Amino acid sequence: MEGNLSVRGKAFAAQKPTFLDVLSDLWAPEANPDGIVNIGLAENSLMHAEMERFINSHSQIDAHALTYGDGFSGSHKLKEAVCHFLNSQFSPWTALCPSHLAITCGVSNAVECCAWALADFGDYILVGRPYFNAFKTTFGTRPGIELLEVTFATTDPFSLAAVQHYEKTYAEAKSKGFRVKALLLCSPHNPLGVFPYLPHIKVDRLLRVLLGRCYPENVLREYMKFCTRNGLHLICDEIYAMSVWENPRLPDAPGFKSILSLNVKDLMDPSMVHVVWGLSKDFGATGLRIGCLVSQANGPLLEAADGISLYNFPSSLADQVATTVLLDDKFTRVYIATNRHRLAESYRFATDFLRFHHIPYVESNAAFFVWMNLRAALKDRAATDKDILARLRKEKVYIAVGTAYAAEEVGWFRMVFAHPRNVLEEGLNRMLRAIQS
């Protein structure tokens with residue numbers, strides 16, 4: 001039955017995320033042993049016990065939290081707390097102050113604010129492949145902005161040479177009359193990397209994969225110059241900024257460098273530079289729904305965000321929790337260090353498993369993902385992504401398919417390793433059964 005929906009209502013219903021079915025039937029060793037093991041959704045559960053203890057022991061809600069507070073774009077205290085934290089961790093060239101940012105109910109909302117305010121219906125945003133699949137929804141579903149995908153072939157997407165691919169794509173789009181308004185970078189990238197592990201299996205053009213890796217400073221500078229040459233805004237998604245860890249197989253991999261830490265005035269118009277960050281990934285708190293949009297020299301953009309803040313209004317309770325977390329320097333220092341250590345350990349466990357079973361993957365040193373080629377590990381090398389997904393579903397394990405992220409080749413999947421050992425073991429073993437069946 002169509003339910004007498006409007007045309008757009010029917011379109012929205014068709015876009016229901018597949019992982020919602022996963023969340024309704026999650027595996028639990030005792031409570032739901034036949035449930036689905038979720039190692040595909042971008043969540044970090046490695047530090048949940050620490051965060052739970054902190055929140056429960058520091059909760060002190062006042063009546064102000066039961067009102068509209070200081071407005072719909074974050075309390076004064078939270079804005080001050082975010083500035084305190086980011087000034088400490090991001091080393092901005094110009095220190096952040098509350099007037100430089102707006103608080104939203106998650107980073108996706110912060111990105112969507114950029115879509116509404118910087119582009120009009122039918123305009124385009126440049127983004128490199130593969131990219132976070134929700135960007136298509138965030139830019140397209142409500143604002144009506146299109147993504148202009150950049151393909152890299154054999155070029156390392158984190159190299160200076162990659163900028164030429166953006167130049168070519170932009171030039172071709174302009175010749176077709178497309179209105180391109182901004183470049184979107186995700187650093188550290190989701191799901192992007194380089195430096196493939198090849199267990200005696202030939203996989204073509206691996207170097208075009210971008211997973212869990214940070215852009216070097218010289219490359220960031222070149223992207224800013226590219227934006228200047230073409231009059232583009234730069235939107236930098238830095239949601240995984242603190243989730244960078246040591247990988248002995250990548251000893252020289254660049255660490256995180258925030259766009260905010262550069263002397264923007266030397267490279268581009270500061271009013272064209274915008275950064276988004278939040279607590280979802282670095283603090284393992286996707287359910288807290290606290291994000292922020294930082295734009296140090298574009299007051300009108302923040303006013304535009306305020307103009308639609310009723311739809312992005314974060315919970316006052318979450319606002320107070322986030323304020324308490326970000327102002328506790330001792331807690332955040334220990335939390336970040338412990339989280340990085342656990343991410344490194346969990347990554348090593350997952351990739352050792354893949355190596356032992358000769359499954360190709362791409363090395364990384366940031367975020368929560370392993371980008372792996374499951375088709376290359378199958379006896380049937382002609383298997384499609386649909387075939388592999390069917391095998392995974394049969395074994396009741398959820399892993400995200402690469403085509404959902406605009407991967408340039410079939411066979412690639414994004415696995416999330418930021419889970420306790422028992423979850424990873426169960427998920428990896430089910431995955432192995434799926435590809436060996």
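Counting from 1, the numbers follow the sequence of the chain as shown. Just so you know, these numbers come straight off a predicted model, no measurement behind them.
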ask   = Does the pair Asn312 and Asn109 meet the rule for a side-chain hydrogen bond (donor to acceptor under 3.5 Å, both in side chains), with working shown?
value = CA-CA 6 Å; Asn312 302 321; Asn109 279 108; 2.5 Å; yes
ask   = Checking side-chain hydrogen bond (donor to acceptor under 3.5 Å, both in side chains) for the pair Asp319/Ser316: CA distance, chi angles, key distance, verdict?
value = CA-CA 5 Å; Asp319 185 304; Ser316 296; over 6 Å; no
message = Determine whether Thr141 and Gln15 satisfy the following criterion, side-chain hydrogen bond (donor to acceptor under 3.5 Å, both in side chains), listing intermediate values before the conclusion.
response = CA-CA 9 Å; Thr141 299; Gln15 294 178 34; 3.3 Å; yes
inquiry  = Run the side-chain hydrogen bond (donor to acceptor under 3.5 Å, both in side chains) test on Asp329 and His84 for me, step by step, so that the C-alpha distance in whole Å, both residues' side-chain angles and the decisive distance to 0.1 Å come before the verdict.
reply    = CA-CA 9 Å; Asp329 293 338; His84 171 79; 2.7 Å; yes
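A salt bridge is absent between Lys281 and Glu43; no separation between the charged side-chain nitrogens and carboxylate oxygens falls under 4.0 Å. Between Lys396 and Asp25, at least one side-chain nitrogen of the basic residue sits less than 4.0 Å from a carboxylate oxygen of the acidic one, meeting the salt-bridge criterion. At a threshold of 4.0 Å, the pair Arg355-Glu363 counts as salt-bridged, since one of the basic side-chain nitrogens sits closer than that to a carboxylate oxygen.
Contact detail for Ser271 and Asn298: the closest heavy-atom pair is O-ND2, 2.8 Å.
Side-chain contact check for Leu118 versus Ile235: some heavy-atom pair is nearer than 4.5 Å. No side-chain heavy atom of Leu23 sits under 4.5 Å from any side-chain heavy atom of Ile36. Two residues are said to be in side-chain contact when any heavy atoms from C-beta on lie closer than 4.5 Å; Val37 and Met431 fail this criterion.
Ring geometry, Phe158 versus Tyr215: the interplanar angle falls from 30° to 60°, so the pair is classed tilted. Classified by interplanar angle (parallel below 30°, tilted 30° to 60°, perpendicular above 60°), the ring pair Phe417/Trp245 is perpendicular.
Within the structure, salt bridge (charged side-chain N to carboxylate O under 4.0 Å, His left out) contacts touching residues 250-277 (residues at least two apart or in different chains) are Glu217-Lys257. Among pairs with a residue in residues 287-326, those fulfilling ring-ring contact (aromatic ring centres under 6.0 Å, His included) read Phe72-Phe313, at least two apart in sequence or across chains. Residues in residues 114-124 take part in these side chain to side chain donor-acceptor pair (under 3.5 Å) pairs, two or more places apart or across chains: Asp123-Arg179, Asp123-Lys181.
In summary, the side chains of Ser258 and Glu238 do present a donor paired with an acceptor at a separation below 3.5 Å, with no hydrogens or angles considered. With 3.5 Å as the limit, one finds no donor-acceptor pair spanning the side chains of Glu408 and Thr151. In summary, the side chains of Arg414 and Asn190 do present a donor paired with an acceptor at a separation below 3.5 Å, with no hydrogens or angles considered. Ser243 and Asp282 share a donor-acceptor pair across their side chains, judged by distance under 3.5 Å alone.
Ring pair Phe135/Phe132: centre-to-centre distance below 6.0 Å. Taking the six-membered ring for Trp and the full ring otherwise, Phe90 and Phe85 have centroids separated by 6.0 Å or more.
Heavy atoms of other residues, nucleotides or ligands lying less than 6.0 angstrom from NE2 of His48 number more than 12. Within a 6.0 Å sphere centred on CD of Glu395, other residues, nucleotides and ligands contribute more than 12 heavy atoms.
In this view, Lys16 and Leu20, Asp21 satisfy the side chain to side chain contact (heavy atoms under 4.5 Å, CB included) rule, not counting sequence neighbours. Residues meeting the ring pair (Phe, Tyr, Trp, His ring centres under 6.0 Å) test with His357, sequence neighbours left out: Phe353. For the ring pair (Phe, Tyr, Trp, His ring centres under 6.0 Å) test, no residue two or more places apart in sequence or in another chain qualifies with His100.
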